[in-house]
> 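Below is one structure. I have some questions about it.
Letters go in sequence order (proteins before strands), and every chain restarts at 1. Values below: every heavy atom of this structure, side chains too, minus hydrogens, waters and symmetry copies.
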Protein chains: 2
Amino acid sequence: MAKTGDPARAVTAPATGALDFALDRGSPVPLYYQLAQQLEAAIEHGVLAPGNLLGNEVDLSVRLGLSRPTVRQAIQSLVDKGLLVRRRGVGTQVVHSQVKRPLELSSLYDDLEAAGQGPGTRVVRNEGVPAAAEVAAALGVAEGAEVTVLERLRLTHGQPVAMLCNYLPAGLLELDDARLESTGLYRMMRASGITLHSARQTVGARIASPGEAERLGETEGAALLTMQRTAYDDTGRAVEYGTHVYRASRYAFDFQLLVRN
Amino acid sequence: MAKTGDPARAVTAPATGALDFALDRGSPVPLYYQLAQQLEAAIEHGVLAPGNLLGNEVDLSVRLGLSRPTVRQAIQSLVDKGLLVRRRGVGTQVVHSQVKRPLELSSLYDDLEAAGQGPGTRVVRNEGVPAAAEVAAALGVAEGAEVTVLERLRLTHGQPVAMLCNYLPAGLLELDDARLESTGLYRMMRASGITLHSARQTVGARIASPGEAERLGETEGAALLTMQRTAYDDTGRAVEYGTHVYRASRYAFDFQLLVRN
DNA sequence: AAGTGGTCTAGACCACGAC
DNA sequence: TCGTGGTCTAGACCACTTA
């Protein structure tokens with residue numbers, strides 16, 4: 001017992017023994033979700049260290065007074081998040097560190113805020129225009145139909161980082177300039193009851209034109225990181241098409257991927 | 001009945017009625033997986049069109065002779081893939097198009113092959129070297145410990161597209177030059193029994209140095225797309241650290257994201 | 001009020017991995 | 001051989017949406 005195979009990856013006895021999970025059956029929060037949250041917190045705080053075994057599902061369900069499927073559902077959600085790994089014949093263990101951020105629909109605003117960069121936004125343009133062919137195709141509306149065009153300059157520490165140009169179907173959302181300058185576009189969408197489902201992105205690079213260089217405070221010929229994106233809600237409707245350019249000297253996309261096996 | 005709410009998003013009666021699913025209980029393939037595959041194929045081939053309702057889970061399970069949890073498991077896997085959307089009180093429907101490719105651990109080789117670009121690889125360097133500080137930190141080995149360095153030039157139609165520089169723990173994998181030139185690195189890893197779990201990536205841009213420009217067939221000052229990546233297997237061990245530079249004039253990252261709600 | 005998915009139970013047997 | 005997760009069943013009640 002407590003055999004350690006590879007000393008570098010030693011695994012001690014099930015580490016959930018000492019943990020107390022508080023499940024509230026009166027709560028509207030599902031039991032599996034309560035358990036998942038508490039497990040995640042335990043991992044986050046290091047109570048469950050990387051490599052620790054979780055203890056087998058049957059014992060766990062008995063100890064918690066839950067059925068095994070419910071316990072499995074909780075565990076599965078953390079496996080999907082990349083925090084746990086299941087191995088047949090071995091058990092479920094905490095992943096060896098490294099996992100922190102899954103890739104979200106990269107919202108520059110959130111990225112910068114999370115990094116403590118104190119983001120700022122200047123709305124340069126916010127009006128209805130007829131859709132050009134490219135925009136119409138991306139949003140799935142008729143060419144010439146009215147769409148809202150939104151141009152924003154994103155700043156950190158008072159310095160420009162990116163120019164964001166977005167097109168949205170007319171009337172999808174109330175786009176108040178003041179609110180746009182104090183939060184991100186995606187947050188505003190979510191607050192309006194729009195549930196994002198998926199997005200298609202293209203990331204590339206190019207050289208700054210004189211006009212771009214001036215607006216971004218770069219020199220002509222500087223490297224720019226570009227992103228085009230079309231986002232869809234869960235009914236399949238395109239809710240946003242955007243073309244963004246970032247100063248490569250001040251910004252890079254940084255994200256984590258989980259591999260589907 | 002068969003009421004159509006929004007004519008643009010009309011939804012007909014459950015469309016699974018006419019479908020025949022062939023489930024083989026003798027097969028080692030799980031029942032939920034067989035069902036998921038057949039549903040996915042039906043969606044792929046347009047038998048189930050975007051917006052079609054799937055029919056309620058209880059009826060479906062009765063018709064298929066499966067329990068409801070099993071049917072749910074099949075449906076859930078397609079929801080996770082972004083092909084279906086569930087709505088309480090409404091039903092499960094096929095997502096309105098647009099979903100094709102989830103973002104994989106971008107393997108340039110696979111990307112190009114899928115695009116019919118006939119990729120080629122020239123191995124420029126493949127040897128053991130002591131790990132520099134940066135590499136040691138990324139791979140989690142001691143500074144100066146031996147690692148394998150791999151430099152490859154990726155081509156399409158005989159033209160260079162990218163320079164790939166990878167570091168791997170020594171002895172992790174047999175890196176045969178001939179095989180490296182005929183397939184991708186990740187395929188070789190998978191074939192060696194390494195199961196990738198996650199990766200951390202940084203994508204940026206910069207200007208080509210004279211040396212890079214020459215090797216890639218670009219002009220000095222051209223825009224380059226850069227990617228750094230560390231990949232981990234399911235034990236948390238770093239299995240690869242790479243620095244890649246792409247000719248922005250010939251390549252961009254193109255991918256689809258699913259939003260976690 | 002009726003219909004849908006969301007959650008939960010208390011079992012069962014099987015397949016794989018480690019020993 | 002034994003222990004683990006993987007799959008599957010046949011129900012139950014609840015919450016939400018729509019009408």
> CG of A:L54 versus P of D:dG5: gap in Å, rounded?
8 Å
> Under 4.0 Å, heavy atom to any atom of DNA chain C: which of residues 26-36 of chain B qualify?
none
> Using nucleotides 10-15 of chain D, report all nitrogen or oxygen pairs with the protein that are shorter than 3.5 Å.
from: D:dA12; atom 1: N6; to: B:R68; atom 2: NH1; distance (Å): 3.3

> Quick check on B:Y167: does its OH atom have over 12 non-hydrogen neighbours (other residues, nucleotides or ligands) under 6.0 Å away?
no
> Which value, rounded to the nearest 0.5 Å, describes the distance between A:Q201 atom CD and B:D254 atom CG?
9.5 Å
> Return the value, rounded to whole Å, for the distance between atom CZ of A:R72 and atom P of C:dT7.
16 Å
> Taking salt bridge (Lys or Arg N to Asp or Glu O under 4.0 Å) as the test, write out the residues that go with B:R68, two or more places apart.
B:E57
> In whole angstrom, what separates B:N56's CG from D:dT18's P?
16 Å
> Go through A:T195 and A:D233 one step at a time and tell me if the side chain to side chain donor-acceptor pair (under 3.5 Å) criterion holds.
CA-CA 6 Å; A:T195 40; A:D233 74 1; over 6 Å; no
> Is any side-chain heavy atom of A:Q76 closer than 4.5 Å to one of A:R86?
yes
> If only side-chain N and O atoms of B:R86 are considered, is one of them under 4.0 Å from the OP1 or OP2 phosphate oxygen of C:dG6?
yes
> Taking side chain to side chain donor-acceptor pair (under 3.5 Å) as the test, write out the residues that go with A:S67, two or more places apart.
A:T70
> Taking side-chain contact (heavy atoms from CB on, under 4.5 Å) as the test, write out the residues that go with A:A41, two or more places apart.
A:H45
> Take the protein atom CD1 of B:I75 and the nucleotide atom P of C:dT4, then report the distance between them rounded to whole Å.
12 Å
> If you assign A:Q73 and A:R87 each to the DNA chain C nucleotide with the nearest heavy atom, which residue ends up on the more 5' nucleotide?
A:Q73
> B:E57 has an atom CD; how far is it from atom P of C:dG6, in whole Å?
6 Å
> Listed by chain and number, what are the side-chain contact (heavy atoms from CB on, under 4.5 Å) partners of A:Q73, not counting sequence neighbours?
A:Y32
> Just the rounded figure in Å: distance from C1' of C:dG5 to CG of A:D234.
15 Å
> Let me confirm one number: the CG-OH distance from A:L196 to A:Y232, rounded to the nearest 0.5 Å.
11.5 Å
> Without decimals, in angstroms, what is the distance between A:Q76 CD and D:dG5 P?
12 Å
> What is the distance from CG of B:L60 to P of C:dG3, rounded to the nearest Å?
17 Å
> Measuring from the side chain of B:T70 (C-beta onward, heavy atoms only), which nucleotide among D:dT9, D:dT7, C:dG6 has the closest atom?
D:dT9
> If the cut-off is 4.0 Å, is A:T92 near the phosphate of D:dT4, judged by side-chain N/O to OP1 or OP2?
no
